[in-house]
Each structure stands twice: as C-alpha cells, then as structure tokens.
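What you see is a predicted model; the values in this text were computed from it and never measured. Side chains are part of it too, since the values below use all heavy atoms of this structure and drop only hydrogens, waters and symmetry mates.
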Amino acid sequence: MPDTVKAALLLYGLTDAKAQLLRDYENLVYQVEADQTYALRICSDDSDQEQLLTEVEWLAAIRAETDLLVPKPVPNQDGNWVSHVNGRMCVLFEWLAGEPVSEQMSGAIARRIGEMMATLHHHAEHYRPRHPVESRFDYDYFFGDQSWWQTRASQRLSEDYQSLLPAVKKAQDLLKYLGESPAHFGMSHTDIHFGNVLQKGDTLAIIDFGDCGLGYYLTDLAVTEAEFRDYPEADSLIQNFREGYRQVRGYVPNEKDIRTAAVMASLLYLEWVFESENDKVREDKAEWLPDIIADLQ
C-alpha cells in the first residue's frame, strides 16, 4: 500500500485497513476494507479545496434531506471533510455496492433514473451552498471571452470548428433565454452516465459527484438521454425516463431544449479530453471525439 494511502487512512483511524486501487485518472480512487468498506479519493495536485467542500457538503445534505442513495462523506478524526496528507488532499466516503445499470437497462430502471434526477434537481432548486462554488457551468464558462470555446476550440478542432457554429449559436440563445433562475440553474451532477448509476437488488444509487457545480439542469438531462440513445429501444427508454422525471418534478423540459443542451455536454467532454494533462484520459477517451463532433454537426 502506498505511503500516502497509509497516511491518509490513519487520519480516519483506519489503522488496519487494506486498500485496492480502482481508478487512476486525474484522481486516485481506492476501495478500502476496514471495519466496513470505504472509497478513498486521493485528489490530483490541482484540486481545489473549496470545490471539494462544495461536493461533500452537498452530498451530506442530499443524504440528510432526500431518499436518494448517494455517497456518504466520512469526516476525519478532527471532524473535517477534507484531509491533507503528503501535499495532497483526500476525501473518504462510505462504499456503495452495486453494478452499473448499463448491463441491465429496462423501462422500469429508466423511469427510476428519471425520478432520481428530478429529486436531485428539486433538492438543488432549494439548496444554498455554504461555501462559494468555484465550478460554475454558466454562460460565461461555455461561451465567454475566456471560455475554451473562445480561446482554444478553433485550434483544437481545426477544420471542424466552423461546422459547429450553428449548434453553438442555438446553445447560446437557449442559455440567454433561461438565465440563472433556481428553476433552471443550480447544483448539478453534470455526469450522470450509466457507469455512475449503480444497482444492487432493487436499489439504485448515483455516484461520482466529483465534477458537480452550479449548472443547468438541462445539461444533466442531455447527458443521460445521450446514454439511452446507445440502446435499440432508445425512444421507449427516453419516454420512461421523462415520465419518471415528470412524476417527481411536475414537468419535463421539451425535447428541443434537451437536445440543444447536449451542446454544452459535448463541449465539456471536448475540453476535458483536449486539455487533460493525463495521458490515459487522452488515450482512452479520444476515440469518442469523432462521434461527439458528428453529433454537434
């Protein structure tokens, strides 16, 4: 076990634990076996403490104020959510068991995912973060003067850039129309793909809130609906998903707006892959770039 992991676990009083590395992208994620099972995240060097506090405090509020099953953060022995060890920050969560729903998708599961997302958005509409939220996926983030789209996209996308302008214009118009009212804009997961939805028996859980921030709920919907489109029965699954969402929130955004919001989801993905300093991210995810660009076109 690496010394940093040992030192981190000591901060939580886990002196006789075993740890197995599960993921090595920007962060290191370990499954820890001790008195119970935990997930330990050793954060990348460029992680921001305010962002981590935003994530864990929102997760704690979701667990306390809704019936959603999401990772439960564990404080260290000093009562702090974020620990510092060997120049790195780390956070610990209770382990959520289950398998990704991608292999067992059905209309009933799609409906439940819609209900869960609507519950998450309803909670976010009324939730007020205690700390300033560093991650804001707002109009300026996507299309402002310092945005990736304005500063680097033309270089990275080369000859494809011009062909994406019509889609970007539609997205710009939509965000200007929506504004930032709590009904449309608030704390968002931003990455509810089916690897981040786990099933164990009749129980579903949403995991990996590491990229959460203030954003448009439409983007969450767009990310998940894009996942459904990989299935032959996509139309039926999406219909069930929307019915589940409507059941909880009383309405579901129209299809045109959800499809337009897919532009923002795609730009997030493109920026992540093109600008990542991690070789594994670029190698593993680059194969999807042609499909993302084709969808935007």
Side-chain angles (χ1 to χ4, degrees), residues 19-33 36-41 55 58-59 62-63 66-73 91-121 188-212 219-245 248 258 262 265-266 268-269 272-273 276 278 280-281 283-289 291-292 295:
Q20 178 183 0
L21 180 65
L22 298 181
R23 180 177 176 181
D24 179 8
Y25 273 159
E26 282 91 348
N27 303 312
L28 302 175
V29 178
Y30 288 85
Q31 181 177 352
V32 177
E33 298 292 346
Q36 62 184 79
T37 308
Y38 301 92
L40 173 69
R41 185 197 305 163
E55 176 191 355
W58 189 34
L59 284 169
I62 294 168
R63 285 291 293 257
T66 77
D67 61 358
L68 289 176
L69 190 56
V70 299
K72 182 180 181 180
V91 287
L92 187 73
F93 303 95
E94 292 184 0
W95 182 262
L96 288 177
E99 297 296 327
V101 296
S102 52
E103 299 301 322
Q104 48 225 345
M105 184 54 63
S106 67
I109 290 176
R111 184 183 183 91
R112 289 183 61 193
I113 294 172
E115 293 170 354
M116 294 169 71
M117 184 178 291
T119 301
L120 194 64
H121 291 168
S188 301
H189 185 289
T190 76
D191 196 24
I192 303 181
H193 60 72
F194 296 152
N196 283 337
V197 182
L198 304 182
Q199 180 180 24
K200 183 180 180 182
D202 294 331
T203 303
L204 295 185
I206 303 175
I207 64 170
D208 195 359
F209 283 67
D211 292 325
C212 71
T219 306
D220 274 348
L221 287 157
V223 168
T224 303
E225 290 203 2
E227 291 279 292
F228 286 122
R229 296 185 191 282
D230 290 336
Y231 294 86
E233 66 275 28
D235 290 343
S236 175
L237 292 173
I238 290 172
Q239 182 64 28
N240 278 279
F241 170 70
R242 292 180 181 174
E243 284 301 320
Y245 191 94
V248 172
I258 295 173
S266 297
L268 283 171
Y269 189 91
W272 176 49
V273 176
S276 177
N278 189 304
K280 288 187 68 176
V281 170
E283 292 169 4
D284 293 350
K285 305 301 180 181
E287 64 176 296
W288 300 105
L289 295 181
D291 290 339
I292 297 291
D295 282 346

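Looking at Met117 and Ile192, their side chains come closer than 4.5 Å, going by heavy atoms from C-beta outward. Contact of the Glu55 side chain with the Cys212 side chain is registered, since non-hydrogen atoms from C-beta on lie closer than 4.5 Å. Side-chain contact between Phe209 and Asn196 is absent, with no heavy-atom pair separated by less than 4.5 Å. Considering only heavy atoms from C-beta on, Leu120 comes within 4.5 Å of His189 through its side chain. Side-chain contact between Val197 and Ile113 is present, with at least one heavy-atom pair separated by less than 4.5 Å. For the pair Glu225/Arg242, a side-chain contact is recorded, criterion being any heavy-atom separation below 4.5 Å from C-beta on. Under the 4.5 Å side-chain criterion, counting only non-hydrogen atoms from C-beta, Arg23 is not in contact with Leu28. For the pair Pro100 and Leu198, the minimum side-chain heavy-atom distance is below 4.5 Å.
Atom CG of residue Leu22 and atom CD of residue Gln20 lie 5.5 Å apart, to the nearest 0.5 angstrom. Atom CG of Asp191 is separated from atom CG of Asp211 by 6.0 Å, given to the nearest 0.5 angstrom.
Taking a 6.0 Å sphere around CG of Asp235, one finds it holds 12 or fewer heavy atoms contributed by other residues, nucleotides or ligands.
Nearest heavy-atom pair, Ala110 versus Leu237, reported as atom, atom and distance to 0.1 Å: CB-O, 3.5 Å. Counting all heavy atoms, side chain and backbone alike, Leu204 lies closest to Arg112 at N-NH2, 3.6 Å. Closest approach of Pro71 and Leu96 over heavy atoms only: N-CD1, 3.5 Å.
Listed for the Thr66 side chain is a donor-acceptor partner under 3.5 Å among the backbone atoms of Leu68. Side chain of His121 to main chain of Asp220: no donor-acceptor pair is present (N/O by atom type, distance under 3.5 Å, no hydrogens or angles). In this structure, Arg229 contributes its side chain and Ala234 its backbone to no donor-acceptor pair below 3.5 Å. With Tyr245 contributing its side chain and Arg111 its backbone, the two residues share no donor-acceptor pair below 3.5 Å. Within the 3.5 Å criterion, the main-chain N or O of Glu99 finds no donor-acceptor partner in the side chain of Glu103. Looking only at distances, a side-chain donor or acceptor of Gln199 sits under 3.5 Å from a matching main-chain atom of Gly201. Judged by distance alone, the side chain of Thr37 and the main-chain N or O of Trp95 form no donor-acceptor pair under 3.5 Å.
Centroid-to-centroid, the aromatic rings of Tyr269 and Trp288 stay 6.0 Å apart or farther. For Tyr30 and Tyr38, the distance between ring centers is not under 6.0 angstrom.
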Practice prompt. Give the C-alpha distance, both sets of side-chain angles, the deciding distance and a yes or no for side chain to side chain contact (heavy atoms under 4.5 Å, CB included) between Ile206 and Leu69.
Written response: CA-CA 7 Å; Ile206 303 175; Leu69 190 56; over 6 Å; no
Discussion item. Set out, in order, the CA-CA distance, both residues' side-chain angles and the distance that settles side chain to side chain contact (heavy atoms under 4.5 Å, CB included) for Phe194 and Asp230, then state yes or no.
Written reply: CA-CA 11 Å; Phe194 296 152; Asp230 290 336; over 6 Å; no
Worksheet item: side chain to side chain contact (heavy atoms under 4.5 Å, CB included) between Val248 and Met116: does it pass, once the steps are laid out?
Response: CA-CA 9 Å; Val248 172; Met116 294 169 71; over 6 Å; no
Item to complete: Could you go through the side chain to side chain contact (heavy atoms under 4.5 Å, CB included) check for Ser236 and Phe228 one step at a time?
Response: CA-CA 9 Å; Ser236 175; Phe228 286 122; over 6 Å; no
